[in-house]
Amino acid sequence: MPDIAAKPPTSNWADDDDDNGFPAPLVTVNPDGTKTVISYRVNPESGKKVKVTQKIKVSVVKERVNPDIAERKRWAKFGHERGSRPGPDVATTSVGENVPLKLVIGWKESKEEEVKVPSKESAKSKGITCRTCGGDHFTSRCPYKDRLPSADVAAESAASSPRTGTPEPASAGAAGARPIKSAYVPPHLRNRGAAGAGDGDKMGTYRDRDDSTTLRVSNIGEDAEERDLGLLFERFGRIQRLYLAKDRNTGSSKGYAFISYYNLEDAKNACARLDGFGFQNLILRVEFAQRKAV
Amino acid sequence: MRPILLKGHERPLTQLKYNKEGDLLFTTARDKVVNVYYSHNGERLGTYVGHQGALWDVEVDPTSTILITGAADNSIKLWEVRTGRCIHTWDFPTAVKVVKLNEDANMLLAVTEERMGNLGTLYVFPFVIDTSAKHAEEPIIKIVSPDSKFTKAGWSYLNKYIIAGHADGSVSQYDGKTGEFLKNVAVHDKEITDLQFAPDRTYFITASKDKTARILDTKNLKIMKTYVADAPLNTAAITPKKDYVILGGGQEARDVTTTGSRQGKFEARFYHKIFEDEIGRLKGHFGPLNHIAVHPDGTGFASGGEDGYVRLHHFDKSYFDFLYDVERIRPE
């Protein structure tokens, strides 16, 4: 009763908030220096009364600045900049793209190795096979050219090393990774089933490509660009190829894209995580690409 | 690391200079203006307009009151840093390539170009940090260059010596008080393109077109360290706080057709100052780097290129964390 009696004289109509008489926010100071504020309000969406508890920690960050520097920051602009507003002007100042600076001991050697490794891989993936000895170099460059004159002999020896006693070239070729030497293989069928990136082949067509790590992404918005997709998908691993189908005339997206990763794991991960992901107001559909029947 | 790109010039950069506290960055190029930027955010504070030719060098006094510029219009101008007002002009028979203040800011060194019968000359003027003072017209020291012209020069510790680099790759030492010749040492095979002192000025680094940079002792001009690069160098800087040097250069535009290099090598190269190893490179410019200036606190650096851009870098944490194994086990 004393409460009610005391209230009317202290509060005038201006202080009277329209939150139909919620109690004033309660502020308590905790022993660790933080403040807890409990207030009440009406949630505008649901129309329900809500109790809001906020824990506030106030920290003051003091920065010591050389007084000369502080003074110079207040200088008026002059010369060509006379009368310009404070703050950097885009005409003279812009932020460049991120450039990595990684300091390494023996920088030069590490750089050279990086260059060497891919060249070796690419030679393998191109599927160059020597007809004399079966090594991954051109026949004309074979070091055993003079010593191993016959292709059949080489095929035999290549076949017999991983398996035991199957001199017939046909069966060896079917089981092993290398194609049969004797029969002609058209260029677009060469290197079939080779793991990893087969797209380096000059003669290869789309059919030749290894699509096991390729995702088909559909239901993409019209405004989407390859860069946006790249940013989204490269979180899951290194992207080998990204193709966004575009209308030839308007240049806008047709709504589907193909993305190939280097690693199958990354592709699986991306497929699992991004299928049903909301992207530019549409929900993406991500699945592994199906090869079109030839 | 995200660099800030400063686009205030239309021609190749020639010189960058931080003031003593490192909050202002002055840039000069072959166009006729000097720009000054705040180094923390790249905001342009102003320009100094008045020169009639390309600018070759810029210097600022330790209190950031007066700016000194040397230009190809055969003059040195003094400017009030705060307002951009020109307060004095010295005229010379040829272009001014170098202007350098000593540590006390009471002597100003200037080097003029060798041209039209005039030999390259090194002048020393008295200097006062006062925008209203009358500056002496006559130099107190005048040194005419020997056979090979001066390209760069600077003051040693305690203003004891004047160190000058020559077009033939040698380095000379003169007495700082009298201008008397003391010593000349052959250091490089080709022209010296830059000469920057360590913070305490007891040693300095020279960069040369012969693709090397060397650290020399100021007192006896002994070669202490050599850094070998794969392109002609235009600039070399010593970083405070960490024991690195940053070299810049690249294939000159006019040599592109005559050399077999596949790319220009327009990168800032980081070498360890003591171990002389290359430890990293920083891409960015698409022309040779003309000058590199390191923040006096060692927290960042600015590079100016032939492409007309200044790139202002603030180092990441990884830059400061990088240590050699032997440095890690160093006792505290």
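Below, chain A is the first sequence line, B the second, and so on; all start at residue 1.
We find the CD1-NZ distance between B:Ile238 and B:Lys273 to be 6.0 Å, quoted to the nearest 0.5 Å.
Considering only heavy-atom pairs separated by less than 4.5 Å from chain A, the leading option among B:Gly42, B:Gly22, B:Gly8 is B:Gly42. Ranked by heavy-atom pairs shorter than 4.5 Å toward chain A, the options B:Lys283, B:Lys7, B:His272 are led by B:Lys7. For the options A:Arg72, A:Arg82, A:Lys73, A:Lys102, heavy-atom pairs under 4.5 Å to chain B are most numerous at A:Arg72. Residue with the most contacts toward chain B among A:Gly79, A:Pro88, A:Pro100: A:Pro88 (heavy-atom pairs, distance under 4.5 Å). With chain B as the partner, the residue from A:Thr92, A:Asn66, A:Asp89 showing the most heavy-atom pairs under 4.5 Å is A:Thr92. When the candidates B:Asp321, B:Leu282, B:Leu45 are compared by the number of heavy-atom contacts under 4.5 Å with chain A, B:Leu45 comes out ahead. No other option in A:Asn98, A:Val95, A:Asp68 has as many heavy-atom pairs under 4.5 Å with chain B as A:Asn98. Highest contact tally toward chain A, considering only B:Tyr309, B:Tyr244, B:Phe315, B:Phe270, is held by B:Phe270 [criterion: heavy-atom pairs under 4.5 Å].
Residue B:Val81 touches chain A through both its backbone and its side chain, counting heavy-atom pairs closer than 4.5 Å. Within the 4.5 angstrom heavy-atom criterion, no atom of B:Leu312 approaches chain A. With a 4.5 angstrom heavy-atom cutoff, B:Arg85 does not touch chain A via any of its atoms. Contacts of B:Asp316 with chain A are absent, with no heavy-atom separation under 4.5 Å from either backbone or side chain. If you measure heavy-atom distances from A:Val90 to chain B, the contacts under 4.5 Å come from the backbone alone. Only the side chain of B:His40 comes within contact range of chain A, judged by heavy atoms closer than 4.5 Å. If you measure heavy-atom distances from B:Phe322 to chain A, the contacts under 4.5 Å come from the side chain alone.
If you run side chain to side chain donor-acceptor pair (under 3.5 Å) between B:Asp73 and each of B:Gln52, B:Lys32, B:His51, only B:His51 comes through.
Here A:Glu265 pairs with A:Lys268 under the side chain to side chain contact (heavy atoms under 4.5 Å, CB included) rule; sequence neighbours left out.
Between A:Phe233 and A:Phe277, the distance separating the two ring centers is not shorter than 6.0 angstrom. Between B:Tyr324 and B:Phe275, the ring centre distance stays below 6.0 Å.
Judged by distance alone, with hydrogens and angles left aside, the side-chain atoms of B:His291 form a donor-acceptor pair with the main-chain N or O of B:Leu16 at under 3.5 Å.
A cation-pi arrangement is found for A:Arg216 relative to A:Tyr256, the charged atom lying closer than 6.0 Å to the ring centre and inside a 45° cone about the ring normal.
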Given B:Asn290 and B:Thr14, is the side chain to side chain donor-acceptor pair (under 3.5 Å) satisfied, shown in steps?
CA-CA 6 Å; B:Asn290 282 348; B:Thr14 52; over 6 Å; no

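Side chains of B:Thr63 and B:Asp61: a donor-acceptor N/O pair is present below 3.5 angstrom, by distance only. Between B:Asn19 and B:Ser64, the side chains place a donor N or O and an acceptor N or O closer than 3.5 Å (distance only, hydrogens not considered).
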